[in-house]
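Read the structure below first, then the notes.
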Amino acid sequence: MSSKAALPLPAQAVPGQATPVPFNRPHVTGREQAFLQEAIGNRAIGSDGRFSRLCEQQLRALTGAESVLLTSSCTAALEMAALLTGIGPGDEVILPSFTFPSTANAFLLRGARVVFADIEADTLSLDIGQVAAAITPRTRAIVAVHYGGVPCDMAALVALGRRHGIWVIEDAAQALLSSRDGRPAGSLADLAAFSFHSTKNISCGEGGALAINRPGLLGKALVLRDKGTNRQDFLAGRVEKYSWVGVGSASVLGELPAAYLHAQLLQAQEITEARRRAWQDYADALAPLAAPGRVLVPRIPAGVRHNGHCYYLLMASRAERDLLIRSLRAAGIEATTHYEPLHLAPAGRAFAGDRPLPLSESLPARLLRLPLWPGLPAGTAGRVAAVVAALPAAR
Ligand SMILES: *Cc1c(COP(=O)(O)O)cnc(C)c1O
């Protein structure tokens with residue numbers, strides 16, 4: 001099956017009107033139903049079945065991580081990561097404010113303090129100089145978010161982490177199949193969390209994975225994921241009956257979503273290539289319109305191979321951004337904003353600290369994301385470019 005043949009058709013055109021383009025359209029490969037049928041037919045719907053094993057193998061191959069465990073979400077994977085590090089009250093964890101709440105919650109749930117570091121203007125990911133400045137004797141971890149599927153400079157962050165003897169964790173929710181200097185996201189730090197939420201490139205509705213690259217953690221992670229029991233030893237025939245051996249939760253992915261995910265992972269390269277082509281169409285159409293102080297386009301750092309997760313524009317102001325979103329909607333193209341900075345959110349103000357975060361405050365208000373999915377109607381990038389070009393001149 002060629003990747004082109006597998007792509008969905010564009011949404012139904014309305015006569016006399018340009019095809020409406022939704023922001024996201026979860027990709028379906030066509031094999032999900034057969035694998036679901038197989039799992040149901042085999043009465044193998046719990047966890048740790050054939051499809052879960054296959055997904056974990058596929059993910060090890062795609063990420064280069066030493067071990068990969070499927071989880072019920074990226075949030076669950078981040079929570080397992082926080083437990084594995086043993087971080088607790090009195091400890092500090094450095095992370096960006098420009099991220100999803102789960103990145104912070106995982107450590108707040110352990111009683112740790114989150115310390116927000118500012119982001120870079122051109123990648124919207126952690127500014128390493130700001131991270132270095134935020135390190136104190138209490139710092140126990142750095143969590144880097146690969147925004148838009150563009151991996152952070154993890155070699156520099158890991159070197160910084162090693163100098164201070166602290167954990168470095170990838171929030172790779174958006175970054176499956178992205179790489180930096182030839183090394184895939186998921187293999188770049190101690191631990192990494194992935195998401196298979198329906199808004200991500202590869203999805204099973206709700207799902208995630210934890211990648212582990214530090215020796216000695218896998219056994220503990222298996223217990224954490226399995227309600228604090230050594231059920232894995234039981235499944236492997238190492239014990240006759242399983243026991244409660246530690247703390248834990250129910251963080252495993254069920255076999256039914258794993259069957260769905262297996263189909264998606266079989267086509268992961270093709271899905272990524274289709275997204276990269278759509279991303280490049282935007283770059284080709286919009287980069288010529290980039291003008292400082294008016295429209296900025298993403299910069300991909302040298303050595304990064306991204307996965308086409310997201311194409312965004314940064315406008316001169318919130319007003320210009322909102323105007324462009326409205327103008328695109330009027331043209332049938334659904335663009336959206338992204339994260340509200342956590343330190344400005346109702347639950348985040350308490351953790352804001354006194355570290356200034358000027359870019360985390362100004363950039364999200366100026367950012368919009370464009371529709372991006374495999375099978376995005378041809379000509380979408382040109383339609384967006386026409387709307388951008390027709391915007392009234394900046395005041
Ligand atoms: C999507 C996302 C999450 C949460 O993923 P879930 O699988 O929905 O828990 C966490 N962090 C980042 C950066 C994300 O984009």
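Keep in mind that this is a model prediction, so the values were computed, not measured. Both ligands and their constituent atoms are indexed starting at 1 by order of listing.
With a heavy-atom cut-off of 4.0 Å, Ala173 touches ligand 1 through its side chain alone. Heavy atoms of Tyr339 found under 4.0 angstrom from ligand 1 belong exclusively to the side chain.
Annotation for ligand 1: atoms under 4.0 Å from non-hydrogen atoms of Gly207 are 7 (O). Which parts of ligand 1 touch Val145 is read off a 4.0 Å heavy-atom cut-off, strictly below it: atoms 13 (C). For ligand 1 and Lys200, the ligand atoms under 4.0 Å from any heavy atom of the residue are 1 (C), 2 (C), 14 (C), 15 (O). Close contacts of ligand 1 with Cys74, meaning ligand atoms under 4.0 Å from a residue heavy atom, involve 4 (C), 5 (O), 6 (P), 7 (O), 9 (O), 10 (C). Taking every non-hydrogen atom of Gln174 and a distance limit under 4.0 Å, the qualifying atoms of ligand 1 come out as 13 (C), 15 (O). Close approach of ligand 1 to Ser73 is summarised as follows: ligand atoms under 4.0 Å from at least one heavy atom of the residue are 7 (O), 9 (O).
The pair Arg183-Glu170 does not meet the salt-bridge criterion, since no charged nitrogen lies less than 4.0 angstrom from a carboxylate oxygen.
Checking Arg225 against Ser251 by side-chain atom types alone, no donor-acceptor pair falls below 3.5 Å. Between the side chains of Glu255 and Ser52, at least one donor N or O lies within less than 3.5 Å of an accepting N or O. With 3.5 Å as the limit, one finds no donor-acceptor pair spanning the side chains of His27 and Gln264. Side chains of Glu92 and Thr136: a donor-acceptor N/O pair is present below 3.5 angstrom, by distance only.
In terms of N/O distances under 3.5 Å, ligand 1 is approached by Ser195. At least one N or O atom of Asp171, backbone or side chain, sits closer than 3.5 Å to an N or O atom of ligand 1. Checked by distance only, ligand 1 and Glu206 stay at 3.5 Å or farther apart across all their nitrogen or oxygen atoms.
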Worked check of salt bridge (charged side-chain N to carboxylate O under 4.0 Å, His left out) between Asp91 and Arg138: CA-CA 5 Å; Asp91 296 334; Arg138 290 169 176 269; over 6 Å; no
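The aromatic rings of Tyr339 and Tyr147 stand perpendicular to each other, their planes meeting at an angle above 60°, with 30° marking the opposite boundary.
A side-chain donor-acceptor contact under 3.5 Å links Ser125 to the backbone of Val145.
The protein atom (non-hydrogen) at minimum distance from atom 9 (O) of ligand 1 is Thr75 OG1, 2.5 Å.
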